Participant: 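Got a structure here, written out as structure tokens. Questions coming.
Just so it is clear: chains get the letters A, B, ... in the order the sequence lines come, proteins before strands, and each one is counted from 1. Remember, predicted model here, so these are calculated numbers, not experimental data.
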Amino acid sequence: MSKLVIVESPTKARTIRNYLPQDYRVEASMGHVRDLPASADEVPAAYKDKNWANLGVNVEDHFSPLYVVPKTKKKVVKELQSALKNADEVILATDEDREGESISWHLLQLLQPKVPIKRMVFHEITQEAIRHALDNCREIDENLVHAQETRRILDRLVGYTLSPLLWKKIAWGLSAGRVQSVAVRLIVQRERARRAFKTAGYWDLKAELEQSKNPFQAKLATLAGVKLATGSDFDPNTGALLPDKRVVVLDEAQAIALRDRLWGQPWEVINTEEKPSIRKPSPPFTTSTLQQEANRKLGISARDTMRVAQKLYEEGYITYMRTDSVHLSDQAVTAARSCVQQMYGKEYLSPKPKQYTTKSKGAQEAHEAIRPAGTEFRIPNRTGLKERELALYELIWKRTVACQMADAKITQLSVLLKVEDAEFRAGGKRIDFPGYFRAYVEGSDDPDAALENQEVILPPLKVGDRPSCQEINTVGHETQPPARYTEASLVKTLESEGVGRPSTYASIIGTIIDRGYVQMRAKALTPTFTAFAVVSLLESHFPDLVDTGFTSRMEQKLDEIAVGKTQWLPYLQGFFLGESGLENQVKVRQDQIDPAIAKAIELENLAAKVKIGKFGPYIEIPQGEEIITASIPHDLTPADLNPDQVAVLLKQKTEGPDKVGAHPETGEPIFVLIGAYGPYVQLGEATEENKKPKRTSLPKGVKPEDVTLEMAVGLLALPRTLGGHPESGKNIKASLGRFGPYVVHDQGKDGKDYRSLKGEDDVLTITLDRALELLAEPKRGRGSRTPLKQLGLHPEDQEPVNLFKGPYGVYIKHGKVNASLPEGETEETITLEKALPLLAEKAASGKKTSRKKTTTTAKGTKKTSTKKASATGTAKKTTTKRTTTRKKSPSKATNPDQSSEAS
DNA sequence: CAGTGAGCGAGCTTCCGCTTGACTT
């Protein structure tokens, strides 16, 4: 018998195993093990007919939730159950935050252990900390569990009542939620501000001066005693000059006149100022700040940052990467300080060890800040890490070490000069002591601020000096509209408002892109027409829910619930039930909202009306009696749509499409049109008998106006046969596909071998030789790398059975079936004979039902059958039987008498 | 993929947060 310890992550399990006695077995739960049913096919048969089955919460019965084990967690639960059989004690060691406490509670509910149970928490993985935790076990904190459950239920209620309203009023498959809708709204608000922004121009003067042969620069500061306008005097949102600003704004002519008037006049220094200041190092990384900095300094997306960080964590380089805490353990502080001393010397050490305090709203601080792991930090270039992993580790190392370094000491210099009635200012900066600048300077979205650690030298100047003027230049400025959000700046805003959690920042952006609310343009998050429509609806009917303050108010209540100050049930009742509750509010809106209005988007300066249709956005223009409609290409957002483009779309409909010419052989006309998937060429007109004339999209980069007759004929003739393959004799063809131009070697029943064309290739002119060259290159991507070892051919189909190395170990591959090596087998010991039964077993069990998301957005015309679950009645039944289901209201959790109704 | 936009009306979409999975068609 042994003691079973359950933690959340397998990596953590592996580490703490070393610090526990031999008779302790450590397993990982892999996060939550139960949840509300995600969709209809997860609802157990016994609940299918309940009207709340889909919601997963029985609002009428004390908001009792229906919990199921999701398909992906069945395996983990099974393993935990079998581990439990040999245990004489269970120790729940999940994280000490709201979600972690809840995971422990769910494990208890699900496993129903008959042996003693303990709850243990620790914040550091050291021998001492774990021993201490083991000696100080406690009970599960029911209040904290209630707080989590309240959060979970509230999110479900918001998401699953608002989303259906959007389906009815705007478009199929849309979504709304406490977090995503706030994110989308922020992005839409920013775009609105950009649209409303009026660029303003202002001018100033810059003088090139010289004092004792030392050149320096000065900028016009005041004119006749009045301050000259600078960028900060304009409203960043509208671009207009802020009211009540006593400033003078120069236009170009005035600036030139002033320059000419001042030219040749004597200059005099009238004041000098020296202001000492210090800069303090930024706190160590949290998930959010790491994502921001990796994005700014390394150009890595939030998702990739987390992937790389996970790898570093698993390999023991850094501490846990999903955290909202800036706390450093004592050993971390000591390690950082010893790094400073060794690498930079004693004078660079901060006088005292530094601790930072977390400022974000709603932080739960279950973990440390992200830092190099261990009691001694490994020096980045001695780790053997490469590329992104090295870059990210180095970033983390520097930031952590900088935390324990001395402040930087700077002197700001300011010299005021007078010429006629104008005053110029020269600014300088002297770094008296670089301090932590030696290790780390925080990146910034503002390029000017990135110069933080650079000196600006001024010659020694004193009052009464008369420097000579070499040159005066006029400088024009234009106010810039507020920048679109990037991943980094959105995460920053969400975090500071307390919206979303470390584990979700990276996926929030994925969600709103998947739903078709946002497109990524270079680094800028650009909202779509759908986002405009959805945000308008939510703002006018549910303003509270899409306000950033909603989450902070919720968090406040949850905190009260966690300490027992507030009851969870009345809070949910107040939120959902009654006259002003969400349920009724949605019902009322159901009748009030006119879909025609909800689907329409008002954009100023645009005669056309934009509407959200079944297949995406389209424009609508009244033309006399009738209304003309035209699709807007899917990759066009409100930011791109201007009157010119509207005119083109309109013209195509009224005057017919642009004719490129007549086909040289058939004489049929060829047109260029713009549709939802962008510009395309069409042979002949669409008529009753020829409903679908031949059409081909233009290749990327080709503009509709550049299409020649020759090109159009070539495109319409695709796919083009290049000739036979010298070995197989089968045809090689070139064509355009979903992912751009390609060549294909069609080997009949042996499948097709595809290669994408490279940048320099043209699908219309590519030769057979070049195609063969491309086909000879190995396929890109991981699926077709060279195998580690070839085991031989499968006796059934004579297809190769090979060994590959994946990120999770070596696996056997036969066609599409992958099987991992069983315990005890290695690359050397495995043979074809041993591999065959493994593959057969995998093929039998591997009838994956994982539903593939279509890549089309909300409006996508999904062609795949959505009736998978009901189509196989028998399969469904067995699934339901295996589902461990418990309906249990948390209030009953402490009352064992009532839990017998379960299952 | 397909160049539509009305609507017979079955059955479906959708939330947030915790974790790793096994790749790619």
Participant: Taking salt bridge (charged side-chain N to carboxylate O under 4.0 Å, His left out) as the definition, give me every residue that meets it alongside A:Arg303, ordered by chain and number, with sequence neighbours left out.
Facilitator: none
Participant: Please determine if a side-chain N or O atom of A:Gln180 lies less than 4.0 Å away from the OP1 or OP2 oxygen of B:dC16.
Facilitator: yes
Participant: Both A:Thr72 and A:Pro37 contact DNA chain B. Which one's nearest nucleotide lies toward the 5' end?
Facilitator: A:Pro37
Participant: For A:Ser503 and B:dC18, is the shortest distance between a side-chain N/O and OP1 or OP2 below 4.0 Å?
Facilitator: yes
Participant: To the nearest Å, give me how far apart NZ (A:Lys169) and C1' (B:dT14) are.
Facilitator: 17 Å
Participant: Taking only residues two or more places apart in sequence, or in another chain, which ones meet A:Val308 in a side-chain contact (heavy atoms from CB on, under 4.5 Å)?
Facilitator: A:Leu312, A:Arg388, A:Glu389, A:Leu392
Participant: For a quick check of understanding: with a heavy-atom distance under 4.0 Å over all strands, which category does A:Gln310 fall into, base, sugar-phosphate or nothing?
Facilitator: sugar-phosphate
Participant: With a non-hydrogen cut-off below 4.0 angstrom, is A:Arg178 in contact with a base, only sugar-phosphate, or nothing?
Facilitator: sugar-phosphate
Participant: Listed by chain and number, what are the side-chain hydrogen bond (donor to acceptor under 3.5 Å, both in side chains) partners of A:Thr286, not counting sequence neighbours?
Facilitator: A:Thr289
Participant: For A:Ser288, give me all partners under side-chain hydrogen bond (donor to acceptor under 3.5 Å, both in side chains), at least two apart in sequence or on another chain.
Facilitator: A:Gln292, A:Glu495
Participant: Is there a side-chain hydrogen bond (donor to acceptor under 3.5 Å, both in side chains) between A:Ser104 and A:Thr94? Walk through the geometry before answering.
Facilitator: CA-CA 6 Å; A:Ser104 278; A:Thr94 53; 2.6 Å; yes
Participant: Any donor-acceptor pair under 3.5 Å joining the side chain of A:Arg152 to the base of B:dC15?
Facilitator: yes
Participant: Assign each of A:Arg322 and A:Gly177 to its nearest nucleotide of DNA chain B by heavy atoms, then name whichever residue's nucleotide is nearer the 5' end.
Facilitator: A:Gly177
Participant: Report which part of the nucleic acid A:Ala28 touches: base, sugar-phosphate, or nothing (heavy-atom distance under 4.0 Å, all strands).
Facilitator: nothing
Participant: Name the stems with DNA chain B in them: runs of three or more consecutive Watson-Crick or G-U pairs, distances under 3.5 Å?
Facilitator: none
Participant: Give a yes/no on whether any side-chain N or O of A:Gln148 is located under 4.0 angstrom from OP1 or OP2 of B:dG17.
Facilitator: no
Participant: With sequence neighbours excluded, tell me which residues meet salt bridge (charged side-chain N to carboxylate O under 4.0 Å, His left out) with A:Glu620.
Facilitator: A:Lys611
Participant: Is the closest side-chain donor-acceptor distance between A:Thr287 and A:Arg322 under 3.5 Å?
Facilitator: no
Participant: Please write out each protein N/O paired with an N/O of nucleotides 5-8 of chain B under 3.5 Å, distance rounded to 0.1 Å.
Facilitator:
| residue | atom | partner | partner atom | Å |
| --- | --- | --- | --- | --- |
| B:dG5 | N7 | A:Thr629 | OG1 | 3.4 |
| B:dG5 | O6 | A:Ser631 | N | 3.4 |
| B:dG5 | O6 | A:Ser631 | OG | 2.5 |
| B:dG5 | N1 | A:Ser631 | OG | 3.4 |
| B:dG5 | N2 | A:Phe615 | N | 3.1 |
| B:dG5 | N2 | A:Gly616 | O | 3.0 |
| B:dG7 | O6 | A:Lys614 | NZ | 2.8 |

Participant: Can you find a donor-acceptor N/O pair under 3.5 angstrom joining the side chain of A:Arg501 to the base of B:dC16?
Facilitator: no
Participant: Name the nucleic acid region contacted by A:Val158, choosing base, sugar-phosphate or nothing; use a 4.0 angstrom heavy-atom cut-off, strictly under.
Facilitator: nothing
Participant: What is the nucleic acid contact for A:Ser163, judged by heavy atoms within less than 4.0 Å: base, sugar-phosphate only, or nothing?
Facilitator: base
Participant: Using the salt bridge (charged side-chain N to carboxylate O under 4.0 Å, His left out) criterion, which residues pair with A:Lys609? Sequence neighbours excluded.
Facilitator: none
Participant: Check whether any side-chain nitrogen or oxygen of A:Ser9 sits under 4.0 Å from OP1 or OP2 of B:dT20, and answer yes or no.
Facilitator: yes
Participant: In Å, rounded to the nearest 0.5 Å, how long is the span from CZ of A:Phe671 to OH of A:Tyr680?
Facilitator: 11.0 Å
Participant: Not counting sequence neighbours, which residues clear salt bridge (charged side-chain N to carboxylate O under 4.0 Å, His left out) with A:Arg152? List them please.
Facilitator: A:Asp35
Participant: Output the rounded distance in Å from CZ (A:Arg515) to P (B:dT13).
Facilitator: 11 Å
Participant: Report yes or no: is the ring centroid of A:Tyr160 under 5.5 Å from the six-membered base ring centroid of B:dT14, with the two planes under 30 degrees?
Facilitator: yes
